[in-house]
Amino acid sequence: RWQGVEVFRMAGSCMEPAVGAERRVVVNKLAYRWGEPEAGDLVIYREGEKRVVALVDAAAPVTVSQLSGERKGVVVPREALVGRVWLQTR
C-alpha cells in the first residue's frame, strides 16, 4: 500500500449518484497537504470513527454537504480531511 493513496469501500447506496453502491473509491491523501480544497471537490473526512464522503461547498472554512442529503453546510476542520476522491472502481 502506498502511503499517499488509500482505497475505501462504500457500503450501501447513500452516496449515489456521485459514488455508486458497493463501489470502492481511491483517495488521494496528499491532495490537501500542499493545496486547498475547492468547491466541487469530492472528499472523504473523518467524523469520529466513521469516514464520510461529501462534496465541498466552500473552501474557507471548509464547508461540505453529505451526498445522502442528510446534512448540508457542515464545517469540517482541515485536519479531519482524509483526502480527495480520485476515482471509483467496482
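- The shortest side-chain heavy-atom distance between Ser65 and Val74 does not fall under the 4.5 Å cut-off.
- Proximity of Ile44 to Val85: side-chain heavy atoms (C-beta onward) are separated by under 4.5 Å at one or more points.
- The shortest non-hydrogen separation linking Leu81 to Pro37 is CD1-CG, 3.8 Å.
- Contacts of Ala80 classified as side-chain contact (heavy atoms from CB on, under 4.5 Å), with partners at least two apart in sequence or in another chain: Val76, Pro77.
- Each salt bridge (Lys or Arg N to Asp or Glu O under 4.0 Å) pair with one or both residues in residues 39-49, not counting sequence neighbours, appears once here: Glu47-Lys50, Glu47-Arg71.
- The side-chain heavy atoms of Leu55 and Val64, taken from C-beta on, include no pair separated by under 4.5 Å.
- Val82 places a side-chain heavy atom less than 4.5 Å from the side chain of Arg51.
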Hey, mind stepping through Asp57 and Thr63 against side chain to side chain donor-acceptor pair (under 3.5 Å) and telling me if it holds?
-> CA-CA 5 Å; Asp57 296 326; Thr63 307; over 6 Å; no

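- For the residue pair Ala54 and Tyr45, the shortest heavy atom distance occurs at CB-CE2, 3.8 Å.
- Judged as a side chain to side chain donor-acceptor pair (under 3.5 Å), the pairs with a partner in residues 77-86 (not counting sequence neighbours) are, in order, Glu36-Arg78.
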Assess whether side-chain contact (heavy atoms from CB on, under 4.5 Å) is satisfied between Val5 and Val27, documenting all intermediate values.
-> CA-CA 6 Å; Val5 174; Val27 175; over 6 Å; no

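- Side chains of Val43 and Tyr32 form a contact here, defined as non-hydrogen atoms less than 4.5 Å apart.
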